[in-house]
Structures are given as C-alpha cells and as structure tokens.
Engineer: 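Dumping the structure here so I can ask a few things about it.
So you know, we letter chains A, B, ... as the sequences are listed, proteins then strands, and number each from 1.
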Amino acid sequence: MSQARVRFAPSPTGTFHLGSARTALFNWLYAKHTGGTFVLRVEDTDRERNTAEALTVLLKGMRWLGLDWDEGPEVGGDYGPYYQSKRSSVYKEHIEKLFAAGRAYEKGGAVFFKLEGERYTEYDEYHKAEVEKVRTEPQVINDVVRGQVVRAEERDFVIVRSNGQPVFHLVNVVDDITMGITHVIRGEDHLSNTTKHCELFQALGSPLPVFAHIPMILNSSGPGKMSKRGDGVHVEDYERRHFLPHGLVNFLALLGWNSKDDQELFSRDELIAKFDLHGIQKGNARFDEKKLAHINTEQIRRLPEEDFLELCIPVLQSAGVDMSDGAYSEQVLLLCQSKVRSLMELPDFVAYFFDEDFSFDSKAGERLFKKGEPLDRLTEVRAALAKVDDWNAESLDQAFSDLAESNGQDKPFQWFPVTRYTVSGTGGGPDLVPMLSVLGKERVLVRMDSFPYRYPT
RNA sequence: GUCCCGUUCGUCUAGCCAGGUCUAGGACACAGGGUUUUCAUCCCUGCAACAGGGGUUCGAAUCCCCUACGGGACGCCA
C-alpha cells in the first residue's frame with residue numbers, strides 16, 4: 001500500500017461537530033494505515049467567525065481524540081503555511097494561471113471559472129431567473145466508495161469574490177495540488193462539488209487525487225443530517241461527559257465503516273491495521289447514543305489499570321471527591337473498573353468510600369427490611385467481623401464461612417445484603433468482600449454501629 | 001424544479017462487485033431464563049430485515065429497468 005498524503009481541512013466555527021470528527025478520524029486512520037502523512041489545514045478564508053478561540057476548540061478536540069497531525073498548525077511542515085488566510089500568494093499565482101489559459105474571467109468585480117462548451121440560456125426553476133448554462137463534457141469521478149460518478153457542471157462559478165478573497169472551491173483545489181494530497185476523504189455533501197473541483201484540477205493541469213466520499217451522519221431521530229446545534233453533537237459534549245476518547249473514536253469508526261469480520265471493539269492499533277477505504281459504507285448512518293455508551297463501557301473494561309486510574313482522577317476531583325489518600329483511592333477505583341458503565345457515574349458510585357455521611361438508598365432499604373430480621377443478622381455479622389484481626393479478603397471470607405457454619409448454614413448469603421447496605425447505603429456495587437477489605441475494619445464497624453441511628457425510619 | 005448519491009432487523013452492519021453454501025450472520029437495544037450478596041458482570045434463549053414492481057436466469061438480497069422513499073448539492077458559505 002503506497003503512503004497516502006491526506007488532509008483534514010476544517011473551517012473553525014467554535015465547535016467540533018461529530019461529523020467533522022469522523023471525517024478527521026477516517027483521514028487520520030488512512031494516513032496511519034498506509035504509513036502516510038496526515039495534514040491539518042485550516043480553511044479560514046472569509047469570515048469573522050474564524051477566531052483564535054474557534055481554532056483552539058478544534059485543536060483541543062483533535063488532541064483529546066488522539067488525532068495527531070504530521071503537518072499543520074503548531075507543528076509546521078514543508079508544505080505550509082497551513083492556514084488558508086496566509087496563502088494568498090499561492091492562490092494568486094494559480095488564478096493568474098487560469099487567466100493565462102483562458103479559463104477565468106472577471107465579471108462584476110468577481111472572478112469566474114470558465115467552463116468549456118456550448119453556451120445557452122434557460123429559465124431556472126431554482127433561481128427563478130433566466131441563467132446562462134454551458135453544455136460541458138461530463139466529469140467522471142472515480143470514487144473509492146461509490147464507484148464511477150458521472151456529472152456535468154453547467155454554470156460558470158465564482159472563484160474570487162469581488163472583495164478579492166478566493167472562494168472555497170479554488171483554495172481547496174489549489175491547496176490539494178500544492179500540498180501533494182493523494183486522497184481526498186470527505187463527506188458526501190461534497191460529492192456534487194467534486195465536478196467543480198475536477199474542472200479546476202484539469203484546468204490547472206494537475207492529476208486528480210483519489211476521492212472517497214463517506215456517508216453522512218443523520219440525526220438519531222427526525223429528518224436530515226445531524227444538526228449543528230444541540231447537546232451531544234459536538235466532541236466537546238463527550239469530553240465534558242467524561243467519555244473515553246477512544247470510546248468515541250471506536251464508535252465513530254463504526255459509523256460508516258466496518259471490518260467485515262464482525263469485530264466491533266478495537267484498540268487504536270487494531271483500528272489502524274484494519275481500517276481501509278473499501279470497508280466504507282455507502283448509505284448514511286444514524287447516530288445511536290446507546291451503542292456509543294456500550295462501546296464506551298467496553299473500552300473502560302479494557303483499559304490498563306494505570307490508564308484507568310489516570311482517567312478517573314480528574315473526574316473525581318471535579319466532583320469534589322477527597323482523594324488525599326492516594327493509595328486508598330487507587331484501591332477503591334480498581335474495585336470499580338469492571339462495575340462502572342461510564343466515568344460520569346463514578347463519583348456517585350464511589351461516594352460512600354470517601355464520605356461517612358453517605359446516604360441510604362430507600363428502595364434497597366425497603367427490599368432489605370421486607371424479609372427476615374436484618375437487624376439481628378447485623379448484630380451477628382458485626383460480632384463476627386469484630387473478631388477478624390488480620391483484615392483482608394481472605395480472612396473476611398473465612399469469617400463469613402465460620403459465621404454460616406456456626407448458624408447451620410451452607411453459605412453466608414443471608415448476612416451479605418445487610419452488610420452491604422449498612423456500610424454503603426446501596427444494594428449494588430463492587431464485590432462485597434473486597435469492598436469490605438478496602439473500606440477497612442474501623443470504617444466497617446463504625447458504620448454498622450451507627451446504622452440504627454442513621455437509617456431513616 | 002434540476003442534478004448526484006443511497007435504500008438488508010427499531011439502530012449500526014455482514015452478505016451484493018465474482019447469482020446457488022442465506023430457512024439472511026453479528027452487534028446495540030428490547031423481552032424471557034440462568035449464575036450472582038447486587039437494579040452490575042457473565043451465560044443462554046427469543047424478537048426482528050433483503051422498500052415495491054417488473055425483467056434476465058434452472059436459480060436473485062446479490063445483475064438490469066421503473067417507481068417510491070431517504071439524503072445531498074444547486075451561495076461572491078465551507
């Protein structure tokens with residue numbers, strides 16, 4: 001596989017849309033897969049909305065997702081500058097080339113690209129006006145995803161505005177040429193634009209890159225492509241909700257691409273190894289948060305302990321959890337890695353480990369008191385645990401077994417629910433014995449003793 | 001309105017290019033069951049789709065045509 005030079009060319013708008021993120025991801029994956037180069041180019045022609053803050057959001061999002069670029073802002077490269085606003089001279093040169101070739105003309109202060117072919121005028125229903133059209137030779141686009149797409153451009157189009165600013169179509173093509181881009185991987189919404197781009201490539205005497213138009217991401221409900229506004233449509237939303245960057249990456253990769261072998265959970269390296277343009281889907285995809293949540297959960301489970309701990313720290317700190325006892329916090333978190341479904345729920349999930357004033361879940365309490373004599377069981381288990389000197393999972397297991405045996409029971413199950421509830425206030429959580437072991441003898445006994453006074457009756 | 005792209009379970013998708021092995025496979029979700037101290041995990045089972053019509057063929061989810069529906073483009077936005 002030859003090394004590809006691909007680019008992600010966003011226009012900073014102040015947010016980082018998931019659709020853009022997926023386009024960036026596919027480009028990044030393809031560059032990595034082929035051992036090629038991933039270029040980040042900022043399309044900031046036009047506009048006051050292209051602020052420094054908007055660019056920061058984008059770069060931060062890219063870095064959070066782990067999509068590092070080989071050339072572009074802040075890292076440089078041999079094909080710069082990588083901001084379109086700084087490439088005026090390059091565009092000027094190419095516009096002159098078009099004039100020289102008789103493929104550009106001025107009208108109303110703007111520069112138009114001149115199509116070749118027979119001209120005629122026609123009433124246009126869309127523009128509600130009589131317009132000039134050209135019968136051009138149709139362009140044949142060889143798209144890796146869609147096969148051959150044949151389409152003819154029928155109107156001359158603006159390449160430089162009357163204010164002197166070059167237009168997207170022109171700068172996009174000129175940059176792709178001058179930056180040596182080999183593969184253009186972008187959203188299907190650009191497919192119709194591609195005929196314009198092909199005209200420009202040809203008029204400038206440059207070979208066409210390989211095109212791959214990837215499907216759109218549609219709203220999970222309702223019509224149309226994924227909206228630009230709202231919660232859950234931007235990368236920042238998922239960062240704020242403490243999703244794993246790789247969880248989002250894995251999910252996004254599956255939206256419009258698959259590995260053909262039923263594998264859905266990938267490490268970053270597996271994704272790079274398996275990603276291929278031919279696995280890209282033609283049909284549009286609908287965004288499904290439930291599947292995202294599932295993949296995120298699975299990726300939490302697969303995290304190496306160190307990475308898991310590192311990711312947890314900021315989540316708990318921002319929730320105000322006191323983690324001054326590092327070794328203890330670490331034990332608590334490792335207890336939870338296989339139980340928790342998202343990092344977001346972690347602070348609530350571990351609250352009782354760090355706060356003696358934890359609350360009691362009323363539903364679980366009702367269930368507990370509905371059957372048997374929990375207070376009697378509590379007295380028994382309290383006495384049994386008080387005798388444990390060497391407080392660890394093994395000796396605790398033994399203490400429970402002895403307790404069962406001395407009461408003529410096979411297993412100590414009837415003491416478990418009340419134990420869990422009095423020390424944690426919940427009906428669920430990490431495995432009981434390891435949990436008691438981590439909490440420590442003193443905490444456990446104190447909580448058991450205070451339970452009758454603290455439990456709201 | 002014109003042009004382009006698409007259409008397999010509710011959702012993401014495999015299969016389609018090289019027609020038979022497809023009573024259409026996997027995953028999420030959902031439902032039921034089992035394991036379990038746990039509304040967690042795990043395991044099992046179930047539910048559920050080739051948009052419609054025509055053609056080609058011994059045979060079509062797979063090839064061709066039409067229709068319908070969905071998406072996109074048609075900006076001196078990108």
Engineer: Output the residues of residues 423-433 of chain A in contact with RNA chain B, where contact means a heavy atom of the residue under 4.0 Å from an atom of the strand; sort by number or write none.
Structural biologist: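 Close to the strand are A/G427, A/G428, A/G429, A/D431, A/L432.
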Engineer: Quick one: A/I95 CD1 to B/C76 P, roughly how many Å, whole number?
Structural biologist: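 Rounded to the whole Å, the gap is 15 Å.
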Engineer: Taking only residues two or more places apart in sequence, or in another chain, which ones meet A/F113 in a ring pair (Phe, Tyr, Trp, His ring centres under 6.0 Å)?
Structural biologist: A/F157
Engineer: Parallel, tilted or perpendicular: which describes the rings of A/F8 and A/F16, with under 30° parallel and over 60° perpendicular?
Structural biologist: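 Correct class here is tilted.
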Engineer: Anything under 30° is parallel, anything over 60° is perpendicular, the rest tilted; go ahead and classify A/H17 against A/H234.
Structural biologist: perpendicular
Engineer: Would you tell me whether A/H190 and A/H213 have side-chain atoms, one donor and one acceptor, within less than 3.5 Å of each other?
Structural biologist: no
Engineer: Would you mind reading off the distance between A/K196 atom NZ and B/C77 atom P, rounded to a whole angstrom?
Structural biologist: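 Result: 13 Å.
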Engineer: Give me each pair satisfying side chain to side chain donor-acceptor pair (under 3.5 Å) with a member in residues 250-261 of chain A, each pair once, sequence neighbours excluded.
Structural biologist: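 Only A/N250-A/Q299, A/S259-A/D261, A/D261-A/K274 qualify under side chain to side chain donor-acceptor pair (under 3.5 Å).
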Engineer: Does B/C74 pair with anything, Watson-Crick or G-U wobble, both distances under 3.5 Å, and if so, with which nucleotide?
Structural biologist: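 Partner of B/C74: B/G1.
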Engineer: Checking side-chain polar atoms at under 3.5 Å, does A/E71 have a donor or acceptor matched by the opposite partner on A/Y79?
Structural biologist: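 Side chains of A/E71 and A/Y79: no pair found under 3.5 Å.
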Engineer: Between C1' on B/A40 and CE on A/M435, what's the gap in Å once rounded to a whole number?
Structural biologist: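 So the two atoms are 13 Å apart, to the nearest Å.
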Engineer: To the nearest angstrom, how far is A/L292 atom CG from B/C28 atom P?
Structural biologist: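 To the nearest whole Å, that distance equals 14 Å.
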Engineer: Give me the distance, rounded to whole Å, that separates B/A49 from B/A24 when you measure between the P atoms they each carry.
Structural biologist: 10 Å
Engineer: Can you check nucleotides 41-50 of chain B for protein contacts, nitrogen or oxygen pairs under 3.5 Å, and list what you find?
Structural biologist:
residue : atom : partner : partner atom : Å
B/U41   : OP1  : A/R341  : NH1          : 2.7

Engineer: Within the 4.0 Å limit for protein heavy atoms, which parts of nucleotides 1-14 of chain B are touched? Write it as a string from 5' to 3', B for base, S for sugar-phosphate only, - for none.
Structural biologist: B-SSSS----SBSS
Engineer: Got a sec? Which of residues 397-405 of chain A come in under 4.0 Å of RNA chain B, heavy atoms?
Structural biologist: none
Engineer: Taking the same atom, P, in B/U45 and in B/C50, what whole-Å distance lies between them?
Structural biologist: 24 Å
Engineer: Taking pairing as Watson-Crick or G-U wobble with both contacts under 3.5 Å, can you name the mate of B/U35, or confirm there isn't one?
Structural biologist: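 No nucleotide pairs with B/U35.
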Engineer: Whole-Å distance between B/U37 P and A/K411 NZ?
Structural biologist: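 Spelled out: NZ on A/K411 to P on B/U37 is 7 Å.
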Engineer: Return the nucleotide paired to B/C30: Watson-Crick means purine N1 to pyrimidine N3 with N6-O4 or O6-N4, wobble means G-U with N1-O2 and O6-N3, both under 3.5 Å.
Structural biologist: B/G46
Engineer: Roughly how many Å apart are B/U57 and B/G52, using the P atom of each and rounding to a whole number?
Structural biologist: 23 Å
Engineer: Assess the side chains of A/D44 and A/S85: does a donor N or O sit below 3.5 Å from an acceptor N or O?
Structural biologist: yes
Engineer: What integer number of Å spans the C1' atoms of B/A48 and B/U2?
Structural biologist: 39 Å
Engineer: Using atom types as modelled and distance alone, determine if a side-chain donor or acceptor of A/R87 lies under 3.5 Å from a backbone N or O of A/P81.
Structural biologist: yes
Engineer: Take the protein atom CZ of A/R367 and the nucleotide atom P of B/U37, then report the distance between them rounded to whole Å.
Structural biologist: 15 Å
Engineer: Rounding to an integer number of angstrom, what distance separates B/A18 and B/C28 when you compare their P atoms?
Structural biologist: 34 Å
Engineer: Using salt bridge (Lys or Arg N to Asp or Glu O under 4.0 Å), reason through A/R377 and A/E380 one step at a time and then give a plain yes or no.
Structural biologist: CA-CA 5 Å; A/R377 298 292 88 74; A/E380 291 156 11; 2.9 Å; yes
Engineer: Classify the angle between the aromatic ring planes of A/Y421 and A/F360 as parallel (below 30°), tilted (30 to 60°) or perpendicular (above 60°).
Structural biologist: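 It falls in the tilted class, 30° to 60°.
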Engineer: Starting at CD1 of A/I295 and ending at C1' of B/A29, how long is that distance when rounded to a whole Å?
Structural biologist: 13 Å
Engineer: Which residue lies toward the 5' end of RNA chain B, A/K290 or A/G109, if each is placed at its nearest nucleotide?
Structural biologist: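 The residue mapped nearer the 5' terminus is A/K290.
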Engineer: Taking all non-hydrogen atoms of both residues, which atom of A/P430 and which atom of A/Y352 are closest, and how far apart?
Structural biologist: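 Looking at all heavy atoms of both residues, the closest pair is CD-OH, 3.4 Å.
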Engineer: Suppose you measure atom C1' in B/A29 against the same atom in B/C69; what distance do you get, rounded to whole Å?
Structural biologist: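 Comparing C1' positions in B/A29 and B/C69 gives a spacing of 25 Å.
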Engineer: With rounding to the closest Å, how many angstrom separate the C1' atoms on B/G15 and B/G54?
Structural biologist: 24 Å
Engineer: A/M179 versus A/R41: any side-chain heavy-atom pair under 4.5 Å?
Structural biologist: yes
Engineer: Any side-chain heavy-atom pair from A/L335 and A/D431 closer than 4.5 angstrom?
Structural biologist: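 In short, these two side chains do not touch, never coming nearer than 4.5 Å.
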Engineer: Looking at B/U7, which nucleotide sits across from it as a Watson-Crick or G-U wobble partner, both distances under 3.5 angstrom, or is there none?
Structural biologist: B/A68
Engineer: So if I apply the side chain to side chain donor-acceptor pair (under 3.5 Å) rule between A/T194 and each of A/R151, A/R186, A/E153, A/H169, which one comes out positive?
Structural biologist: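 Checked A/R151, A/R186, A/E153, A/H169 against A/T194; only one passes side chain to side chain donor-acceptor pair (under 3.5 Å): A/R186.
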Engineer: Select from A/F416 and A/V167 the residue whose nearest nucleotide in RNA chain B is closer to the 5' end of that strand.
Structural biologist: A/F416
Engineer: If the C1' atom of B/G71 is compared with that of B/A31, how far apart are they to the nearest Å?
Structural biologist: 33 Å
Engineer: Report yes if the side chains of A/E264 and A/I295 come closer than 4.5 Å at any heavy-atom pair, otherwise no.
Structural biologist: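 Not in contact.
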Engineer: What is the distance from CD1 of A/I217 to C1' of B/G72, rounded to the nearest Å?
Structural biologist: 15 Å
